[in-house]
Student: 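My questions all concern the structure below.
Within every chain, numbering begins at 1; the chains are lettered A, B, ... in the order of the sequence lines, protein sequences first and strands thereafter. The figures here come from the full heavy-atom set of this structure, side chains too, leaving out hydrogens, waters and symmetry mates.
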There are 2 protein chains.
Amino acid sequence: MCIGIYNTIRMGGLELSLAHALLGLIRYHPTTGYQLKDDFDHSIKIFWNATLPQIYRTLNQMESQCWLKAEIEIQKGKPNRKVYSITEEGLEELQRWLNEPLEKIEQKYSALVKVFFANKADPEKFSGHLEEFRNYYENLLNFYETDQAEIIRKASQDSRACLESEYWKLSADFGIRMAKMIVEWCDEALKIHNNLHEESK
Amino acid sequence: MCIGIYNTIRMGGLELSLAHALLGLIRYHPTTGYQLKDDFDHSIKIFWNATLPQIYRTLNQMESQCWLKAEIEIQKGKPNRKVYSITEEGLEELQRWLNEPLEKIEQKYSALVKVFFANKADPEKFSGHLEEFRNYYENLLNFYETDQAEIIRKASQDSRACLESEYWKLSADFGIRMAKMIVEWCDEALKIHNNLHEESK
DNA sequence: GTATTATATATACCAATGCACATATAATAC
DNA sequence: GTATTATATGTGCATTGGTATATATAATAC
């Protein structure tokens, strides 16, 4: 019944993070794809996003892999709920993955490619885009430091989550540092860019 | 002869960065796919990587799009070189793209998902992985601050590149700040993690 | 002498991602 | 009354990305 959808090479790799993120969330309690999307948006969205179709597809693959088992909950009026819970194999796989090395951060920043070639861009427009970029990350920083922090604070009041919440805070702190770094870099970039084009005003 | 391979929706989008990175590099001087891979590795690799097959495929698409024109240079013994140069359309497209807003940074850090669930990982192993992660970014930081800086310094001595090199430095500075931020976060993470598991030693 | 690396251009295939769309109902907002 | 949002599960298609492989030669390293 259980078909290995990932070949052994990929299985040995470290790139199945969406599946593992889902395993991690389902471990807390059995849940549906729709609910998982919501959980995602309120927890690990800041460093991993996923769309609903992606989640549903991955859940199906994980079921074939026997990392999950599903139970159909019949509802009247609404579509039936497909409630997933983690299996023994799923727990083992999550455990295995958690003990693997930390994956390096993929650096794919097309905005920075634009900055690299910005000498040929319109100075006024570029300045505006830098400001907009800066403000986006300042807003994100505010969100992380208020709303996101509140979510974690509330969740950590659950006594079982006491130790766990230290790691939630730690990962959220990464997002905060990242956003802060970007805002600071933008300020520096704006200063340098505006200096270079001062005479042309 | 010129076939629009990207539909109008994608064309209006902002995601064709590999093509635009290539346009930016080819604008300096006509070159081949093989050479472009090398240029990539010595310039914008720190925020955009590409494999050779990807570069060749994209160049073919860009030729169909008429952003580039190709000339075959016959060589004895070695395979013929396909030398691409930028067209008027290519220059216009590059210009258009450079004046578009800066794309937000895609936050997809599976390492941070692992940190989020790290409470269930083996504390000793996790500690080791954090250290390895930290050392990787410390080495990268050293590379950016020495070798990478030297590449930019040398390139900027070309008198035409005087203004341009300010933007090279600015984009490289982003990489430096990023690596620094990660090392600092790791130090904090190691401190907190080790404190939490001190009693178990 | 043998193995590797550099030069040079690709194709095939698989995995991951994202957007649009399909289907269906209930509750709420205006 | 109408529109939107929330609940709930998917399919289809296009793009992007990465690895393996094919082909061919010259130079260098051991």
Side-chain angles (χ1 to χ4, degrees), chain A residues 4-22 31-42 48-65 70-84 103-104 106-108 110, chain B residues 4-22 31-42 48-63 65 68 70-84 103-104 106-108 110:
Chain A
I5 48 149
Y6 302 119
N7 64 46
T8 39
I9 293 153
R10 299 295 291 177
M11 283 292 287
L14 304 163
E15 305 284 24
L16 305 168
S17 309
L18 176 55
H20 294 101
L22 293 171
T31 187
T32 69
Y34 192 80
Q35 268 282 291
L36 279 167
K37 168 65 177 161
D38 201 58
D39 291 348
F40 241 85
D41 289 350
H42 291 97
W48 198 279
N49 193 24
T51 59
L52 260 177
Q54 224 184 319
I55 289 173
Y56 282 121
R57 247 175 308 174
T58 307
L59 287 172
N60 279 329
Q61 291 172 339
M62 290 161 78
E63 199 187 348
S64 312
Q65 196 85 16
E71 260 178 81
I72 307 292
E73 211 174 82
I74 288 148
Q75 295 196 126
K76 283 174 201 163
K78 291 180 192 176
N80 295 336
R81 300 174 82 225
K82 198 170 175 187
V83 182
Y84 289 99
E103 298 88 352
K104 304 303 175 290
E106 201 188 338
Q107 311 218 108
K108 215 148 246 202
S110 69
Chain B
I5 47 149
Y6 302 119
N7 65 44
T8 40
I9 293 154
R10 298 296 293 177
M11 282 291 287
L14 303 163
E15 305 284 25
L16 303 168
S17 309
L18 177 55
H20 294 101
L22 292 172
T31 186
T32 69
Y34 192 81
Q35 268 282 291
L36 279 167
K37 169 63 178 162
D38 201 59
D39 291 349
F40 242 85
D41 289 349
H42 291 97
W48 199 277
N49 193 23
T51 60
L52 261 178
Q54 225 184 318
I55 289 172
Y56 283 120
R57 243 177 310 168
T58 307
L59 287 171
N60 279 329
Q61 291 172 339
M62 290 162 78
E63 200 187 347
Q65 196 86 16
L68 300 178
E71 260 179 82
I72 307 292
E73 210 175 85
I74 289 149
Q75 295 194 125
K76 283 174 201 163
K78 291 181 192 177
N80 296 336
R81 302 175 81 225
K82 199 170 174 185
V83 182
Y84 289 100
E103 297 88 351
K104 303 303 174 290
E106 201 187 339
Q107 311 217 112
K108 213 147 247 203
S110 67

Student: To the nearest Å, how far apart are B/K37 NZ and C/dA10 P?
Tutor: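 The distance from NZ of B/K37 to P of C/dA10 comes to 17 Å, rounded to the nearest Å.
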Student: Rounded to whole Å, please give me the gap between CD in B/E63 and P in C/dT9.
Tutor: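 It works out to 12 Å between those atoms.
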Student: With sequence neighbours left out, what residues match A/Q54 under side chain to side chain contact (heavy atoms under 4.5 Å, CB included)?
Tutor: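 Testing A/Q54 for side chain to side chain contact (heavy atoms under 4.5 Å, CB included), a comparison that skips the adjacent residues, returns A/L18, A/A50, A/T51.
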Student: Within this structure, what is the OH-CG distance for the pair B/Y84 and B/L36, rounded to the nearest 0.5 Å?
Tutor: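 Rounded to the nearest 0.5 Å, the OH-CG separation comes out at 9.5 Å.
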Student: Could you grab the distance from atom CD of A/Q65 to atom CG of A/N60, nearest 0.5 Å is fine?
Tutor: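 Between A/Q65 CD and A/N60 CG, I get 12.5 Å after rounding to 0.5 Å.
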Student: Can you list everything that forms a salt bridge (Lys or Arg N to Asp or Glu O under 4.0 Å) with B/K104? Sequence neighbours excluded, please.
Tutor: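 B/K104: salt bridge (Lys or Arg N to Asp or Glu O under 4.0 Å) contacts with A/E132.
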Student: OP1 or OP2 of C/dA16 versus the side-chain N and O atoms of A/Q54: is any pair under 4.0 Å?
Tutor: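 Indeed not, no polar side-chain atom of A/Q54 lies that close.
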Student: Rounded to whole Å, please give me the gap between CG in B/D38 and C1' in C/dT7.
Tutor: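 Value for this atom pair: 11 Å.
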Student: Could you list the residues that satisfy salt bridge (Lys or Arg N to Asp or Glu O under 4.0 Å) with B/E106, not counting sequence neighbours?
Tutor: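 If we apply the salt bridge (Lys or Arg N to Asp or Glu O under 4.0 Å) test to B/E106, skipping adjacent residues, there are no hits.
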Student: For A/K108, which contact category applies under a 4.0 Å heavy-atom criterion: base, sugar-phosphate, or nothing?
Tutor: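 Sugar-phosphate only.
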Student: List every contact pair, protein side and nucleotides 9-12 of chain D side both N or O, where the distance is under 3.5 Å.
Tutor:
from: D/dT9; atom 1: OP1; to: A/K82; atom 2: N; distance (Å): 2.7
from: D/dT9; atom 1: OP2; to: A/Y34; atom 2: N; distance (Å): 3.1
from: D/dT9; atom 1: OP2; to: A/Y56; atom 2: OH; distance (Å): 3.0

Student: Hey, what do you get for CD1 (A/I72) to OG1 (A/T32), rounding to the nearest 0.5 Å?
Tutor: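 Between A/I72 CD1 and A/T32 OG1, I get 11.0 Å after rounding to 0.5 Å.
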Student: How would you list, by chain and number, every residue that makes a side chain to side chain contact (heavy atoms under 4.5 Å, CB included) with B/Y56, sequence neighbours excluded?
Tutor: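 Side chain to side chain contact (heavy atoms under 4.5 Å, CB included) check on B/Y56 returns B/Y34, B/L52.
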Student: Using atom CE of B/M62 as one end and atom C1' of C/dA10 as the other, report the distance to the nearest whole Å.
Tutor: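 One finds 17 Å between C1' of C/dA10 and CE of B/M62, rounded.
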Student: Rounded to whole Å, how long is the line connecting atom CD of A/E103 with atom C1' of D/dG18?
Tutor: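 The distance from CD of A/E103 to C1' of D/dG18 comes to 16 Å, rounded to the nearest Å.
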Student: Calculate the interatomic distance between B/Q107 atom CD and C/dT17 atom P; express it in whole Å.
Tutor: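 Distance check: B/Q107 CD to C/dT17 P gives 15 Å.
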Student: Whole angstroms only, please: what is the CD-P distance between B/E106 and C/dT17?
Tutor: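 Distance, rounded to whole Å: 9 Å.
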Student: Just the rounded figure in Å: distance from P of C/dA8 to CD1 of B/I55.
Tutor: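 Taking atom P of C/dA8 as the reference, CD1 of B/I55 is at 14 Å.
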Student: Starting at CH2 of B/W48, measure out to NE2 of B/H20 and round the result to the nearest 0.5 Å.
Tutor: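 Going from the CH2 atom of B/W48 to the NE2 atom of B/H20 covers 11.0 Å.
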Student: Under a 3.5 Å cutoff on both atom distances, Watson-Crick or G-U, what's the dot-bracket for DNA chain C ([ ] crossing, | other strand)?
Tutor: ||||||||||||||||||||||||||||||
Student: Roughly how far, to the nearest 0.5 Å, is CE of A/M62 from CZ of A/R57?
Tutor: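 Rounded to the nearest 0.5 Å, the CZ-CE separation comes out at 14.5 Å.
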